[in-house]
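In this text the structure is predicted, and so the values were computed from the model without any measurement.
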Amino acid sequence: MTDAKSIRPLRVSEVSEWGHAADVVVAGYGIAGVCAAIEAARAGAEVLILERSGGWGGAAAMAGGFIYLGGGTPLQRALGFEDSPENMEKFLLAALGPGVDAAKIGDYCRNSVEHYNWLVACGVPFREAFWGEPGWEPPHDEGLMYSGGENAAPFNALATPAPRGHVPQYADKRIGQRSGGYMLMKPLAETAESLGVRVEYDTRIRRLIVDDDDRVVGVVAAHFGKEIAVRAERGVVLATGSFAYAAQMVEGYAPRLIGRPAAAIEEHDGIGIRVAQALGADLAHMDATEVAFFGDPQLLVRGILVNGRGQRYIPEDTYPGRIGQATLIQQENQAYLVIDEASYEEALKTVTATPFFRQPPTWAAESVAELEAEMGLPEKALQSTVETYNRHAADGKDPLLGKKPEWVRLIGTPLAAFDMRNFTAGFTLGGLRTDLDSRVLHVSGEPIAGLYAAGRCTSGLCAGGYVSGASLGDGSFYGRRAGVAAAKN
């Protein structure tokens with residue numbers, strides 16, 4: 001074989017020896033990879049997963065575990081929430097743009113209930129309990145929660161609000177280590193194992209192998225530095241994760257995330273995207289990013305968020321990921337939370353999944369004018385914002401941004417402010433352009449023969465906006481499609 005550093009596809013005629021062979025070869029053992037493997041095996045294919053780390057799970061196993069599902073899942077119905085595929089689609093088209101793949105969103109919504117049932121049949125547990133408090137995720141093992149701002153402005157006026165954040169049950173939750181994502185991956189990995197799926201760990205892909213017609217027939221991988229050729233009789237599925245830790249790609253495509261990757265793992269180096277690009281694969285929405293905001297939602301909803309000019313810019317009771325995107329992308333990463341003493345003390349009495357976000361305030365004052373000066377804002381900037389907010393809050397309204405009446409309350413004194421500048425991080429959402437069968441598309445628009453992809457190495461449901469659960473949702477859903485299509489090939 002040739003230069004180990006090259007990502008250009010290797011001609012099959014140059015392969016002197018095959019180290020492994022299978023009908024379907026899956027690169028990556030996260031959520032997309034395991035679902036592809038299960039469906040390919042069930043379709044009668046011999047399946048081999050190549051995983052670069054020493055175990056299954058990927059970023060999925062460390063995630064909070066939201067899977068964005070709706071349209072009337074058994075869990076939604078059991079908890080008294082009405083939803084329909086059309087209602088779900090209406091929300092996602094509004095929340096995940098601009099430039100969403102409407103066909104992909106429609107497809108996902110129409111088949112969401114079936115996907116829920118498939119996960120349950122694979123052993124994924126969901127507890128029939130709803131968590132209705134503000135938060136990044138349920139603090140316990142509740143199975144359902146709002147996870148995308150469905151019940152906040154402006155979306156609550158566009159579609160009937162319904163919670164769609166489905167969280168697998170996990171008894172000994174440890175945020176960022178073992179949460180719902182682990183309980184999603186564990187039964188799926190056990191299902192794959194029961195179906196005879198083979199796995200080679202500590203094996204990372206380097207490049208694709210193609211025949212004379214540019215059909216993908218395998219991959220070159222490295223096992224502890226030694227190159228091996230892996231034959232794929234029917235197809236290769238790329239499920240290698242995002243490019244959040246590929247510095248050059250982030251600089252070129254998503255520069256707002258420079259130096260601030262989060263909710264991803266270091267193995268997310270964009271290799272799946274790059275090897276497919278080298279064969280002419282098309283890309284989509286490479287600038288799209290999920291953005292976490294390191295604030296506790298129980299505090300956020302009880303105060304007002306202002307930018308570097310002392311102005312409110314988003315309803316504080318919306319999905320915190322939406323707050324993160326607005327702060328980083330539209331407000332130059334400038335944010336302050338202003339909250340009075342009574343609301344602050346009330347918030348501290350609530351239960352949260354993110355207690356580490358509850359830090360003491362940066363400034364405290366007896367009046368808005370004093371706080372404004374302490375924060376270094378221009379005179380009257382914050383005062384006019386609070387005056388306008390309070391004028392309408394006296395009537396329980398927020399005509400400026402539409403915060404729900406239950407969270408609209410007068411900002412009194414004494415009060416405090418939190419310096420939340422640069423409190424954002426995230427991961428990339430763009431990637432390979434795929435069709436509804438998870439075939440990777442060439443820049444010509446035609447499918448690349450023998451090549452499939454799913455998960456964060458692809459451009460999935462999200463084109464710009466984000467909802468918690470979209471990554472595990474479309475990764476698992478289109479991972480299944482990739483496995484079926486590759487096995488049939």
Checklist line | Non-hydrogen side-chain atoms of E193 and W56 separated by less than 4.5 Å | finding: no
Check: Does the T424 side chain pair with the main chain of N422, one donor and one acceptor, at a distance under 3.5 Å?
Finding: no
Next item on the list: Output yes when a side-chain donor or acceptor of E446 lies under 3.5 Å from a complementary backbone atom of S444, and no otherwise.
Entry: no
Notebook entry, point to check: Below 4.5 Å, heavy atoms only, C-beta onward: do E39 and R481 meet side chain to side chain?
Noted result: no
Note to self: Less than 3.5 Å apart, any donor N or O on the side chain of Y466 or S471 sitting next to an acceptor on the other?
What the structure shows: yes
Margin query: Parallel, tilted or perpendicular, judged at 30° and 60°: which one describes the rings of F418 and Y344?
Written below: tilted
Notebook entry, point to check: Do the non-hydrogen side-chain atoms of R256 and T289 ever get within less than 4.5 Å of each other?
Noted result: no
Note to self: One thing to verify: whether R409 and E346 come together as a salt bridge, which I'm taking to mean a side-chain N less than 4.0 angstrom from a carboxylate O.
What the structure shows: yes
Next item on the list: Output yes when a side-chain donor or acceptor of K104 lies under 3.5 Å from a complementary backbone atom of S459, and no otherwise.
Entry: yes
Notebook entry, point to check: Would you say the side chain of E114 lies within less than 4.5 Å of the side chain of L69, judging by non-hydrogen atoms?
Noted result: no
Notebook entry, point to check: Donor-acceptor pair, R234 side chain versus D23 backbone, under 3.5 Å?
Noted result: no
Check: Quick one: do the Y29 and R52 side chains pair a donor with an acceptor below 3.5 Å?
Finding: no
Notebook entry, point to check: Can any side-chain N or O of E150 pair as donor or acceptor with the backbone N or O of P163 at less than 3.5 Å?
Noted result: no
Check: Going by atom types only, do R42 and T191 share a side-chain donor-acceptor pair under 3.5 Å?
Finding: no
Checklist line | Crowding at CD, E406 (>12 non-hydrogen neighbours, <6.0 Å) | finding: yes
Note to self: For K90, I'd like to know if atom NZ has over 12 heavy atoms of other residues, nucleotides or ligands within 6.0 Å.
What the structure shows: no
Next item on the list: Determine whether N151 and K404 make a side-chain contact, defined as any pair of heavy atoms from C-beta on separated by less than 4.5 Å.
Entry: yes
Notebook entry, point to check: Looking at side-chain heavy atoms only, is the closest gap between V440 and L279 below 4.5 Å?
Noted result: no
Next item on the list: Would you check if the side chain of Y68 reaches a backbone N or O of S147 as a donor-acceptor pair within less than 3.5 Å?
Entry: no
Notebook entry, point to check: Can you list the residues that meet the side-chain hydrogen bond (donor to acceptor under 3.5 Å, both in side chains) rule with R127, with sequence neighbours excluded?
Noted result: D141
Note to self: Tell me whether E332 at atom CD has more than 12 heavy atoms from other residues, nucleotides or ligands lying less than 6.0 Å away.
What the structure shows: no
Checklist line | Validation row: Y478, T434 side chains within 4.5 angstrom (heavy atoms) | finding: no
Notebook entry, point to check: So, Y116 versus H166, ring centres under 6.0 angstrom or not?
Noted result: yes
Next item on the list: Taking the side chain as every heavy atom from C-beta outward, state whether P161 and F155 have any pair of such atoms under 4.5 Å apart.
Entry: no
Next item on the list: Indicate yes or no for a side-chain donor-acceptor contact from Q298 to the backbone of T350 under 3.5 Å, with no hydrogens or angles considered.
Entry: no
